[in-house]
Amino acid sequence: MTESALAITARPRRIVRRTFGARQGPITRLMSPSDLGQSLKPFVFLDLFDIAGTSSLSGAGWHPHSGIATLTYLWEGNVRYQDTTGAAGFVSQGGVEWFRAAGGAWHGGGAGNAGRSRGFQLWLALPPDQELGPSESIYQEPQDVHAKGPAAVLLGTIGEVSSPLKAPSSINYLAVRLKAGETWRYEPPADHTISWIALASGRLAVPEPAEAGELVAFETSNQAIDFRAEANTEFVLGSAASHPYELALGYYSVHTSPASLRAGEQRINEIKMGLQKEGRL
């Protein structure tokens, strides 16, 4: 291999986008389909939340979705959940709420009974064969979330470790904790050309700096990413094969076509009428 080829191989994967998002109360929206979600799909929304006490969580009352799945992960504390599959309870620190709205469903939640609750909620666009399918809710206790080294595998597979949740497409979503001075390398699958990280706390060198509260998107590539923690750090990492579909957007819905969006929104309205009749909305 020539010297120039070695230099190219050794070049770190470039950061191409950065954002601290837009904050509204205890929620910071780091990604939406109108910005980074267009280039990072199937990842289309990402919220970082930090709730003090039992204050209300804006926007977390009953609300609908279709065409997407959500995954909520807690670094600290707990949050309440309920949905129209009949599930209700608490997601606790280190636990996961997986909610596939698909053809249409409603869910809600809010602050739990902890002094402080911190975590991420991610929305994923579903492919055409799933976007109008049945809804699904799965709630994992911390002991049910598998890990490899410092990475909890929330969705997908690293080496021999897989999440029990069935990913809608080729996706990895990890929650990683590194102590100050620790290093870690992420080797994405060959088809994962989309990669990003978002920091809940701390500071990383990748090798460019990334700060708490920041989302960092990497260049389109399947190249490995090297991390060094400059402080005790908590972050999530998403990588995936690109979602090769346009995004048809509703207020609460993301679909692959206007026709499927109309079908999802119709189902949402039908469920709404049922909730109103029951006095739940």
Task: Beyond-backbone contact of F218 with Q223, side-chain heavy atoms, under 4.5 angstrom - done: no

Task: Pairwise side-chain contact, Q140 with L165, heavy-atom cut-off 4.5 Å (strictly under) - done: yes

Task: Gap between atom CD of E214 and atom CD1 of I15 - 0.5 Å precision - done: 7.5 Å

Task: S257 side chain to S260 backbone, donor-acceptor under 3.5 Å - done: yes

Open item on the list: Would Y186 and H192 count as a side-chain contact (heavy atoms from CB on, under 4.5 Å) here? Give the steps.
Closed with: CA-CA 12 Å; Y186 176 62; H192 284 207; 4.2 Å; yes

TODO: Flag the pair V254 / Y245 as yes when at least one side-chain heavy-atom distance between them is below 4.5 Å, and no otherwise.
DONE: no

Open item on the list: Using every non-hydrogen atom in the two residues, find where N78 and S117 come nearest and quote the distance to one decimal.
Closed with: O-OG, 2.7 Å

Open item on the list: So does P64 get a backbone contact from the side chain of K272, meaning a donor-acceptor N/O pair under 3.5 Å?
Closed with: no

Task: Interatomic spacing from CG in N172 to CD1 in I194 - rounded to 0.5 Å - done: 13.5 Å

Open item on the list: Are L154 and V145 packed together at the side-chain level, in the sense that at least one heavy-atom pair is separated by less than 4.5 angstrom?
Closed with: yes

Task: Derivation and outcome, side-chain contact (heavy atoms from CB on, under 4.5 Å), residues D83 and W106 - done: CA-CA 6 Å; D83 62 59; W106 287 64; over 6 Å; no

Task: Nearest-0.5 Å distance, NE2 of residue H65 to OG1 of residue T70 - done: 6.0 Å

- [ ] Inspect the contact between R14 and E208 and indicate whether a charged nitrogen and a carboxylate oxygen are less than 4.0 angstrom apart.
- [x] no

TODO: Measure the CD1-CG distance between I51 and L74 for me, rounded to the nearest 0.5 Å.
DONE: 8.0 Å

TODO: Decide, yes or no, whether a salt bridge links E234 with R118 under the criterion of side-chain N to carboxylate O below 4.0 Å.
DONE: yes

Task: Residue pair S162 / H146, side-chain donor-acceptor N/O under 3.5 Å - done: no

Task: Residue E246 excluded, over 12 heavy atoms near CD under 6.0 Å - done: no

Open item on the list: Give me the atom names and distance for the closest heavy-atom approach of G250 to L261.
Closed with: N-CD1, 3.8 Å

Open item on the list: With heavy-atom distances below 4.5 Å as the criterion, would you say the side chains of Y139 and F90 are in contact?
Closed with: no

Open item on the list: Given 3.5 Å as the limit, does a donor-acceptor pair link the side chain of E131 with the main chain of T256, or not?
Closed with: yes

Task: Proximity of F227 and F235 rings by center, below 6.0 Å - done: yes

Open item on the list: Tell me the closest heavy-atom pair linking A102 and G133, and the distance in Å.
Closed with: CB-O, 3.2 Å

Task: Pair E136 + R100, salt bridge at N-O below 4.0 Å - done: yes

Open item on the list: Check the orientation of W196 and Y173. Use parallel for under 30°, tilted for 30 to 60°, and perpendicular for over 60°.
Closed with: tilted

Open item on the list: Main chain of A101, side chain of S66: is a donor-acceptor contact present, judged purely on distance under 3.5 Å?
Closed with: no

Open item on the list: Surrounding CZ of R23 (heavy atoms of other residues, nucleotides or ligands, distance under 6.0 Å), is the total greater than 12?
Closed with: no

- [ ] Answer whether the closest heavy-atom distance between the side chains of L204 and V216 falls below 4.5 Å.
- [x] no

Open item on the list: Before you tell me yes or no, could you show the steps for M31 and F45 under side-chain contact (heavy atoms from CB on, under 4.5 Å), namely the whole-Å CA-CA distance, both residues' side-chain angles and the distance that decides it to 0.1 Å?
Closed with: CA-CA 5 Å; M31 182 197 315; F45 286 99; 5.8 Å; no

Task: Minimum-distance pair of heavy atoms, taken over all atoms of R13 and T193 - done: NH2-O, 3.3 Å

TODO: Rounded to the nearest 0.5 Å, what's the gap from CG on L124 to CD1 on I68? Could you check?
DONE: 8.5 Å

Task: Cluster overlap L122 with F120, hydrophobic side-chain contacts below 4.5 Å - done: yes

TODO: Using atom types as modelled and distance alone, determine if a side-chain donor or acceptor of E182 lies under 3.5 Å from a backbone N or O of K179.
DONE: yes

Open item on the list: Test of understanding: clusters of I, L, V, M, F, W, Y form through side-chain heavy atoms closer than 4.5 Å, transitively. Do I171 and Y73 belong to the same one?
Closed with: yes

Task: Side chains of D144 and P164 in contact at under 4.5 Å (non-hydrogen atoms) - done: no

- [ ] Kindly work out whether a path of hydrophobic side-chain contacts (I/L/V/M/F/W/Y, heavy atoms less than 4.5 Å apart) joins F49 to V44.
- [x] no

Task: Donor-acceptor contact present, side-chain T72 to main-chain Q121, <3.5 Å - done: no

- [ ] Might you point out which heavy atoms bring P189 and N222 nearest each other, and give the distance in Å?
- [x] O-CB, 4.0 Å

- [ ] Please check if Y252 and I27 belong to a single hydrophobic cluster, counting links between Ile, Leu, Val, Met, Phe, Trp and Tyr side chain heavy atoms closer than 4.5 Å.
- [x] no

TODO: Give the minimum heavy-atom separation between W184 and A151, together with the two atoms involved.
DONE: CZ2-CB, 3.9 Å

Open item on the list: One pair to check against side-chain contact (heavy atoms from CB on, under 4.5 Å): V153 and L174. What are the steps and the verdict?
Closed with: CA-CA 5 Å; V153 184; L174 316 175; 4.2 Å; yes

Task: Any L36 side-chain heavy atom under 4.5 Å of F43 side chain - done: no

TODO: Without swapping roles, check the side chain of H63 against the backbone of H107 for a donor-acceptor pair under 3.5 Å.
DONE: yes

Task: Under-4.0 Å salt bridge between E265 and R262 - done: no

- [ ] Find out if a path of hydrophobic residues (ILVMFWY) with successive side-chain heavy-atom gaps under 4.5 Å connects L178 to V161.
- [x] yes

- [ ] Answer yes if the side chains of S239 and S195 hold a donor-acceptor pair under 3.5 Å, and no otherwise.
- [x] no

TODO: For Q38 and P33, indicate whether the former's side chain and the latter's backbone hold a donor-acceptor pair under 3.5 Å.
DONE: yes

Open item on the list: If I take atom CG from residue D35 and atom OG1 from residue T19, how far apart are they, to the nearest 0.5 angstrom?
Closed with: 7.0 Å

